[in-house]
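Just so it is clear, the model here is predicted, and its values are computed rather than measured. Numbers restart at 1 for each chain; the letters A, B, ... are given by sequence-line order, proteins then strands.
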There are 2 protein chains.
Amino acid sequence: MNIGDAAKQAGIPTKTIRYYDEIGLIEPSARGENGYRDYDGNAVESLRFVRHARGLGFSVEDCRALLSLYRDRNRASGDVKALADRHLRHIDEKIAELESMKRTLEILMARCHGDDRPDCPILDNLAAEGRDDQSGSRP
Amino acid sequence: MNIGDAAKQAGIPTKTIRYYDEIGLIEPSARGENGYRDYDGNAVESLRFVRHARGLGFSVEDCRALLSLYRDRNRASGDVKALADRHLRHIDEKIAELESMKRTLEILMARCHGDDRPDCPILDNLAAEGRDDQSGSRP
DNA sequence: TATGGAGGTTCCAGCAACTGGAAGGTCAAG
DNA sequence: CTTGACCTTCCAGTTGCTGGAACCTCCATA
């Protein structure tokens, strides 16, 4: 099928599919004489696979690895799990970082009047000297 | 002071300081005859300010706004708070997204043996059809 | 057969926020 | 006078697309 139909089947924009082709992540199963990309069931399956993996936050490089594991009948599920585990830790780090920002912001916002006067603990905090980390403020 | 000293004072790499100059976020207070950037106390204060704001996850554009509020004696703290609030909601969304990925990953990983056999629920899930969202799996 | 519109193709640029590197100018110390 | 640590600019790359321009191709209809 043409790229447009593949896009509908897989739930991915054509632009993205062309991009995946360009970076060698998922190549069309064939090219028509007119130069049109052709995607068969297998290719569409790969596209969907990658959409799901990306949806779980895996990087494109991770997707490449996952896809090759998926296509490898002699894979060890341990390899997949290790990859997922690394990714999970990465996610945990990000969550922790965001939570820390959130905490600081909430504390500062609670102390800001939010009226039409210039007085502002948020700005005061940002302007404060010292502090080497980025977790902000000692409230 | 020269850029290197400003970098030490503010805790920001020189590269980044030059970048901030380039995009007009923080310009050096002067340029020496030799073309060297010169940063005075005020400029260094701005650099530190931006470091803190970036550390709380504010975008560079937000930093621009925050900096101009900081320099504005007639500001309303409400404007600062509104900006912070928007940012906080953005953070909340990101956290929610990551938590959702985390949940799905954990469920899948719990069901994966992680041994040397090819059998893998993680891959099975990624390959599964249907499912329009990216939150993954009905376990 | 002409034509219009909906496909497809390529390449180029841009987003965010830097970071690295190359090629070269400057300055203070020894 | 040389060495080495600074400084300068510019260009490219990172991640994962997304938009647009310019052009080609296919199919249906008048």
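Remark: of the listed residues B/Tyr20, B/Phe58, B/Tyr70, B/Tyr70 is the sole one forming a ring pair (Phe, Tyr, Trp, His ring centres under 6.0 Å) with B/Phe49.
With sequence neighbours excluded, the residues satisfying side chain to side chain donor-acceptor pair (under 3.5 Å) with B/Lys102 are A/Asp92, B/Glu106.
At a cut-off of 3.5 Å, with distance as the only test, no side-chain donor of A/Ser29 or A/Asn42 sits close to an acceptor on the other residue. Using modelled atom types and a 3.5 Å distance limit, the side chains of A/Ser59 and A/Arg64 yield no donor-acceptor pair.
Salt-bridge annotation for A/Arg31 and A/Asp38: absent, with no side-chain N of the basic residue lying under 4.0 Å from a carboxylate O of the acidic one. By the 4.0 Å N-to-carboxylate-O rule, B/Arg89 lies close enough to B/Asp85 to be salt-bridged with it. Checked for salt-bridge contact, B/Arg71 and B/Glu45 meet the test: a charged N lies under 4.0 Å from a carboxylate O. A salt bridge between B/Asp119 and B/Arg117 is absent, with no side-chain N of the basic residue lying under 4.0 Å from a carboxylate O of the acidic one.
Nearest to the side chain of A/Arg54, among D/dT18, C/dA17, D/dC17, sits D/dC17. Between D/dC26, D/dT8, C/dC18, one nucleotide has an atom nearer to the side chain of A/Asn34 than all others, and that is D/dC26. You'll find that the side chain of B/Tyr19 is closest to C/dT19, out of C/dT19, C/dG8, D/dC7. The side chain of B/Ser59 approaches C/dA17 more closely than any other nucleotide in the set C/dA17, D/dT9, D/dT18.
Contact annotation: B/Arg31 side-chain N/O to D/dT9 OP1/OP2 distance is under 4.0 Å. For C/dT10, neither phosphate oxygen OP1 nor OP2 lies less than 4.0 angstrom from any side-chain nitrogen or oxygen of A/Arg18. Between B/Thr16 and C/dT19, a side-chain N or O to OP1/OP2 separation shorter than 4.0 Å is present. For C/dT26, neither phosphate oxygen OP1 nor OP2 lies less than 4.0 angstrom from any side-chain nitrogen or oxygen of B/Arg37.
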Using a cutoff of under 3.5 Å, can you pull out all pairs of nitrogen or oxygen atoms linking the protein to nucleotides 23-25 of chain C, with atom names and distances?
residue	atom	partner	partner atom	Å
C/dG25	N2	B/Tyr36	OH	3.1

I'd like a table of atom pairs between the protein and nucleotides 10-12 of chain D - only N or O on both sides, under 3.5 Å - with the distance next to each one.
none

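A straight line from CZ of B/Arg64 to C1' of C/dA16 spans 12 Å, rounded to a whole angstrom. Rounding to whole angstrom units, CZ of residue B/Phe58 and C1' of C/dA16 are separated by 17 Å. With rounding to whole Å, A/Tyr39 atom OH is found 12 Å from C/dT9 atom C1'. Rounded to a whole Å, the CD atom of B/Glu61 is 7 Å from the P atom of C/dA16.
Using a 4.0 Å heavy-atom criterion, one finds that B/Ile3 contacts the sugar-phosphate atoms exclusively. Among the heavy atoms of the strands lying under 4.0 Å from B/Tyr20 are primed sugar atoms or P, OP1, OP2 only; no base atom is included.
For the pair B/Arg75 (side chain) and A/Pro118 (backbone), a donor-acceptor distance under 3.5 Å is present.
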